[in-house]
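One structure below.
Computed from a predicted model, the values in this text were never measured in an experiment.
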Amino acid sequence: MKQLKINVVIFLLLLLQGLHSEDKKVYQDDPKILAILNKLGDSSSARLPKNLKQNEYLRKGKRTNDYSMKMLYNPDTQGGLYVGGNHNNNRRNDCYEYHLGSNSWNALFPADGGDHYFLKSFIMYGIRELNQQVKKGKPFNMETFRGLSRLNKTPKTLKLFDEKVIPWWKKNVVIKDGMFQTSKGGPIMPSHTWDGVCYDQTNKQLIWTSGGQGSNPAPLHALINNTTKDEVYKKLNPKYSPMWIFSPGTKKWSRDIRPDKKPYPKFRGMGQSVTYIHDLKIILWYVAVDNVSPGAYDMWKFDCVKKTWKQLKPNGGKSIRQLSVKDKLAPRGEGVLRYSTKTKKLVAFQGANVYAYDVGANVWAKICEDKRIDAHDAKVAIDYDSKNDVFIYSRRKIKGELVRFAVFSLEQKKWLTPTITGPALPKPKWSELKGYYHPVHNVLVRHGNQDIWVYRYKK
């Protein structure tokens, strides 16, 4: 009897181990795709075939949003995560993952509420005009809102508000857990990611520091539900920061909560950068922009284990404004920042300039300037090739003497323009050049014009 119990326990342990290992294998590799990848030599490329097993939308791949070029490698699935919203249309709260081995796009969180683009005129500009009228003595109510010039500039605008915005809002928007969200738990009217997304491998979650929620939904929510802003704000947790978090494991969105007393960044400014440093288990957050008032100039470090923030004062205690504006030793806004595991340096690409931040020494320095390069978070995708300690640059379109494809050698501190053997980098119509570097297959992955293009720098 004792032996039988032991055998049952062993069987259950093996079964659980088998289930666990099966869970880890989220996607099944396609031998035909692996064969293409294995044939790639030095500085060679390939265009992958369409995945005919998937429906037409997934076969084309998740549409690229402007100002959202960054995909995030997830080592648990060997996939590339993608989130972000457009400036105008295509404001969706979905999260997709591309898996190279199976050449498949997968919806981890389908867009809840569809495209939220039609809210923009009302939730942003309409409320702005309403606040101006309230300052002049008009009451904050639906009658004042419906009488705004913005809602009456064309007959279609007021009709859109009545027939689409109000019913959509009542169906899709809720206040739950002290925050605004869609009925299935996603952000409302998301904006850009800029360079402000990373995947925290320690806590297995995607971090989106700015743009997750496009604007403050409280005033419009109060109007549509015939209540006051004060009543709405009473239901909200004021500790929530602008940061949104997505867990691929649970396939759920959540919000980050500010600690009571410990230091914490404000996450101000459009054009932030956030980078996960996996060998040190930290996140570096950086901003240097004047698109908010006052300008946002700041740098912080997050300990992913202790879950604490610390403000950084590099170069002997200088401010980021001093380093970026006056000393020109650190990048300005809307650049692209990537980390070199070999040198333990955060490398920043902004315009024609390249900067390096020594993480251990807490020092910024300018290391290169090349007029052929124009790095910008909405125009280029740059990824770190960890096998070769280089950064691979691709641009959606060029003018003048700019180059579309280049490789930056940190060791040589200069840009290289290797000749590609195979199909050229796709030429997308707008911003479709998102991608990431796949360390297991040692290839750069680019999605453009509904195609997947891969490139290997060196074997």
Side-chain angles (χ1 to χ4, degrees), residues 83 85 91 93 112-113 116 119-120 122-124 126-128 130-132 134-135 140-141 145 169-170 172-194 196-197 200 203 205-247 252-270 272 274 283 285 287 289 291-304 306-311:
V83 296
R91 294 224 175 188
N93 57 18
D112 190 16
H116 306 182
L119 299 175
K120 182 177 178 179
F122 306 97
I123 197 173
M124 292 177 65
I127 294 299
R128 188 181 302 170
L130 176 63
N131 290 335
Q132 293 171 352
V134 171
K135 288 180 180 179
F140 181 93
N141 58 27
F145 187 72
W169 197 275
K170 290 184 175 180
N172 291 283
V173 177
V174 297
I175 299 177
K176 184 180 179 183
D177 299 326
M179 67 176 174
F180 276 106
Q181 54 189 286
T182 55
S183 58
K184 295 179 181 177
I188 299 167
M189 203 184 77
S191 180
H192 319 310
T193 60
W194 293 280
V197 285
D200 175 357
N203 298 296
Q205 56 190 17
L206 179 150
I207 303 296
W208 187 355
T209 61
S210 174
Q213 192 133 300
S215 190
N216 179 14
L220 192 60
H221 190 76
L223 290 173
I224 291 176
N225 289 279
N226 194 27
T227 185
T228 65
K229 286 189 291 184
D230 288 342
E231 288 300 316
V232 173
Y233 285 125
K234 286 179 183 178
K235 299 177 182 179
L236 301 176
N237 185 345
K239 291 184 179 180
Y240 280 121
S241 81
M243 181 193 295
W244 278 83
I245 298 169
F246 182 78
S247 169
K252 291 182 179 179
W253 286 101
S254 61
R255 288 282 290 280
D256 191 43
I257 295 181
R258 301 180 180 94
D260 288 323
K261 297 180 180 178
K262 297 175 182 177
Y264 192 92
K266 295 181 179 179
F267 296 122
R268 294 180 62 252
M270 298 171 282
Q272 306 171 14
V274 60
I283 290 174
W285 176 77
V287 65
V289 297
N291 49 33
V292 290
S293 182
Y297 292 85
D298 221 345
M299 186 173 184
W300 288 70
K301 175 176 71 173
F302 178 73
D303 187 316
C304 298
K306 297 179 181 179
K307 298 185 178 179
T308 55
W309 286 93
K310 179 182 178 181
Q311 189 174 23

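- Side-chain contact check for Lys239 versus Asp260: some heavy-atom pair is nearer than 4.5 Å.
- Put simply, the side chain of Trp169 reaches to within 4.5 Å of the side chain of Pro217, judged on heavy atoms.
- For the pair Met243 and Ile245, the minimum side-chain heavy-atom distance is below 4.5 Å.
- Distance alone, capped at 3.5 Å, is enough to place a donor-acceptor pair between the Trp253 side chain and the Asn93 backbone.
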Please step through side-chain contact (heavy atoms from CB on, under 4.5 Å) for the pair Thr182 and Val173, ending with a clear verdict.
CA-CA 5 Å; Thr182 55; Val173 177; 5.7 Å; no
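- Contacts of Lys120 classified as side chain to side chain contact (heavy atoms under 4.5 Å, CB included), with partners at least two apart in sequence or in another chain: His87, Asn88, Arg91, Met124, Tyr125, Met189.
- Arg268 places no side-chain N or O within donor-acceptor distance of the main-chain N or O of Val287, the cut-off being under 3.5 Å.
- Between atom CD1 of residue Ile283 and atom NZ of residue Lys301 there is a gap of 12.5 Å, rounded to the nearest 0.5 Å.
- Inter-residue side-chain proximity for Lys170 and Ile224 is flagged as met; some heavy-atom pair is nearer than 4.5 Å.
- When all heavy atoms of Cys304 and Asp200 are compared, the closest pair comes out as SG-OD1, 3.7 Å.
- Formation of a donor-acceptor pair under 3.5 Å by the Asp112 side chain with backbone atoms of Lys184 is found in this model.
- Atom CH2 of Trp194 sits about 9.0 Å away from atom OG1 of Thr209, to the nearest 0.5 Å.
- Note: Gln311 CD to Asp298 CG = 4.5 Å, rounded to the nearest 0.5 Å.
- With rounding to the nearest 0.5 angstrom, the CD1 atom of Ile188 is 9.5 Å from the CG atom of Leu220.
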Walk me through whether Ile127 and Leu223 qualify under side-chain contact (heavy atoms from CB on, under 4.5 Å).
CA-CA 10 Å; Ile127 294 299; Leu223 290 173; 4.1 Å; yes
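- Scanning both residues, Pro187 and Gly212, for their nearest heavy atoms gives CB-O, 3.1 Å.
- The shortest heavy-atom contact between Ser241 and Tyr264 is OG-OH, 3.1 Å.
- Classification of the Phe302-Trp309 ring pair by plane angle, with boundaries at 30° and 60°, yields tilted.
- Applying the ring pair (Phe, Tyr, Trp, His ring centres under 6.0 Å) test to Phe180 and every residue at least two apart in sequence or in another chain returns His221.
- Rounding to the nearest 0.5 angstrom, the gap separating the OG atom in Ser191 from the CD atom in Gln213 is 11.0 Å.
- A donor-acceptor pair is defined here as one N or O able to donate and one able to accept, closer than 3.5 Å; such a pair exists between the side chain of Arg258 and the backbone of Tyr240.
- Asn237 places no side-chain N or O within donor-acceptor distance of the main-chain N or O of Asp177, the cut-off being under 3.5 Å.
- Counting only heavy atoms from C-beta outward, the side chains of Trp208 and Pro190 approach each other to under 4.5 Å.
- Across every non-hydrogen atom of Phe140 and Pro219, the tightest pair is CZ-O, 3.7 Å.
- Distance CG/Asn216 to CD1/Ile123: 7.5 Å, rounded to 0.5 Å.
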Applying side-chain contact (heavy atoms from CB on, under 4.5 Å), run through Val197 and Phe246 and close with a yes or a no.
CA-CA 11 Å; Val197 285; Phe246 182 78; over 6 Å; no
Steps toward side-chain contact (heavy atoms from CB on, under 4.5 Å) verdict (Trp285, Met299)
CA-CA 6 Å; Trp285 176 77; Met299 186 173 184; over 6 Å; no
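- A donor-acceptor pair is defined here as one N or O able to donate and one able to accept, closer than 3.5 Å; no such pair exists between the side chain of Asn203 and the backbone of Gln205.
- Residue Trp244 comes nearest to Arg255 through the heavy atom pair CE2-CD, 3.0 Å, listed as atom of the first residue, atom of the second, then distance.
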